[in-house]
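Shown next, in structure tokens, is the structure this report addresses.
Note that ligands are numbered from 1 as they come in the structure, with each ligand's atoms numbered from 1 the same way. Heavy-atom basis, side chains included; hydrogens, waters and symmetry copies ignored. For reference, positions follow the sequence shown, starting with 1. The model shown is predicted, which means the values in this text are computed figures rather than measured ones.
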Amino acid sequence: MDQLEMKKVAAKAALQYVKPDTIVGVGSGSTVNCFIEALGKIADQIKGAVAASKHSEALLREQGIEVFSANEVSSLDVYIDGADEITPQGYMIKGGGAALTREKIVSSLAKKFICIVDERKQVEVLGSTFALPVEVIPMARSYVARQLVSLGGNPEYRENVITDNGNVILDVYNFKILEPLKMEQTINNIAGVVTNGIFAQRYANVTIVGTPNGAKIIE
Ligand code: 5RP
């Protein structure tokens, strides 16, 4: 089974967490694209969705799902999103698709974060396979990069990418994150950082792993 098939397995299994007549928080990325397609099949059973990217917003509308802004809801029952890496504790690196800030905002509104991944995303330590994305106000790019070097990382400017919020991304390579909660706060405290892709404060409550043998659910 290829990676896309495993993503589809996880995405379909996430439907069991969607309650009728609710507004669903929806992240972004290729796994979420599979989830949006599956959600389209039960579009008449939900009130709508809040999306974490303009791209997901457009896909939800294509499926006939009403899209609400984050300002229109006070809380969400569930937020469903993918990840670039996830640990057994539910700590994640996200932002491969540059949507990390909106993902953090929408997931913060939710009672439960359901993370849908294929089995290759599972790691013991964050930073093992994936660079850490950091969204930065453009004028602070060099300053923030120097601070990230002093924290032990190797930041690289993601060329030709502007986020939905008009900012740039630095990807931090060779950066093993042994204390995710602490590092998330430390990086967020650097002036000019909008947010970073460590999701530790808002970790996943449920991980659904797509495998060739079906969906494995870790609660
Ligand atoms: C986007 C994200 C995605 O959830 C993450 O990159 C995983 O993407 P994919 O499902 O395509 O593997 O954080 O900012």
Side-chain angles (χ1 to χ4, degrees), residues 1-15 17 24-39 49-60 70 78-87 90-108 110 112-123 126-136 156 158 160-173 175 177 180 184 187-188 193-211 215:
M1 187 183 264
D2 67 17
Q3 205 173 1
L4 181 63
E5 288 303 316
M6 289 192 269
K7 288 179 182 195
K8 282 185 186 167
V9 168
K12 277 192 196 147
L15 283 182
Y17 289 91
V24 186
V26 176
S28 70
S30 57
T31 318
V32 164
N33 295 348
C34 302
F35 173 70
I36 294 173
E37 205 181 317
L39 195 63
V50 176
S53 72
K54 290 181 182 170
H55 183 67
S56 294
E57 213 172 293
L59 292 181
L60 285 160
V78 290
Y79 174 77
I80 294 166
D81 199 357
D84 300 303
E85 286 187 346
I86 186 159
T87 70
Y91 296 145
M92 295 164 279
I93 283 185
K94 292 185 44 55
L100 60 163
T101 299
R102 291 186 184 209
E103 289 171 344
K104 234 174 230 193
I105 295 167
V106 183
S107 62
S108 297
K112 264 191 181 176
F113 189 133
I114 316 291
C115 183
I116 47 177
V117 288
D118 62 84
E119 60 185 6
R120 290 202 224 163
K121 306 284 185 70
Q122 293 179 291
V123 296
L126 292 180
S128 299
T129 62
F130 206 83
L132 173 68
V134 181
E135 180 166 351
V136 177
E156 278 184 27
R158 201 184 291 182
N160 304 318
V161 171
I162 298 290
T163 69
D164 282 355
N165 315 306
N167 298 312
V168 297
I169 299 283
L170 293 173
D171 289 304
V172 190
Y173 288 86
F175 199 50
I177 301 157
E184 181 177 6
I187 296 176
N188 280 346
V193 168
V194 179
T195 197
N196 72 83
I198 303 174
F199 281 60
Q201 200 176 309
R202 192 29 173 144
Y203 60 91
N205 305 94
V206 178
T207 306
I208 305 180
V209 188
T211 79

message = Can you confirm whether the side chains of Glu85 and Thr129 place a donor and an acceptor under 3.5 Å from each other?
response = yes
query = Got the residues with a heavy atom under 4.0 Å of ligand 1, by chain and number?
reply = Lys7, Ser28, Gly29, Ser30, Thr31, Asp81, Gly82, Ala83, Asp84, Lys94, Gly95, Gly96, Gly97, Ala98, Ala99, Glu103, Lys121
message = Are more than 12 heavy atoms, taken from residues, nucleotides or ligands other than Gln201, located less than 6.0 Å from that residue's CD atom?
response = no
Show me the side-chain donor-acceptor pairs of residues 28-35 shorter than 3.5 Å, one per line, residues at least two apart or across chains.
{"residue": "Ser28", "atom": "OG", "partner": "Glu103", "partner atom": "OE2", "Å": "2.8"}
{"residue": "Ser30", "atom": "OG", "partner": "Lys7", "partner atom": "NZ", "Å": "2.8"}

ask   = Are Glu184 and Lys104 close enough that some pair of their side-chain heavy atoms sits under 4.5 Å apart?
value = yes
message = Are there over 12 heavy-atom neighbours, none belonging to Phe175, within less than 6.0 Å of that residue's CZ?
response = yes
request  = Could you check Asp164, Thr163, Ile169 and say which one makes a side chain to side chain contact (heavy atoms under 4.5 Å, CB included) with Asn167?
outcome  = Thr163
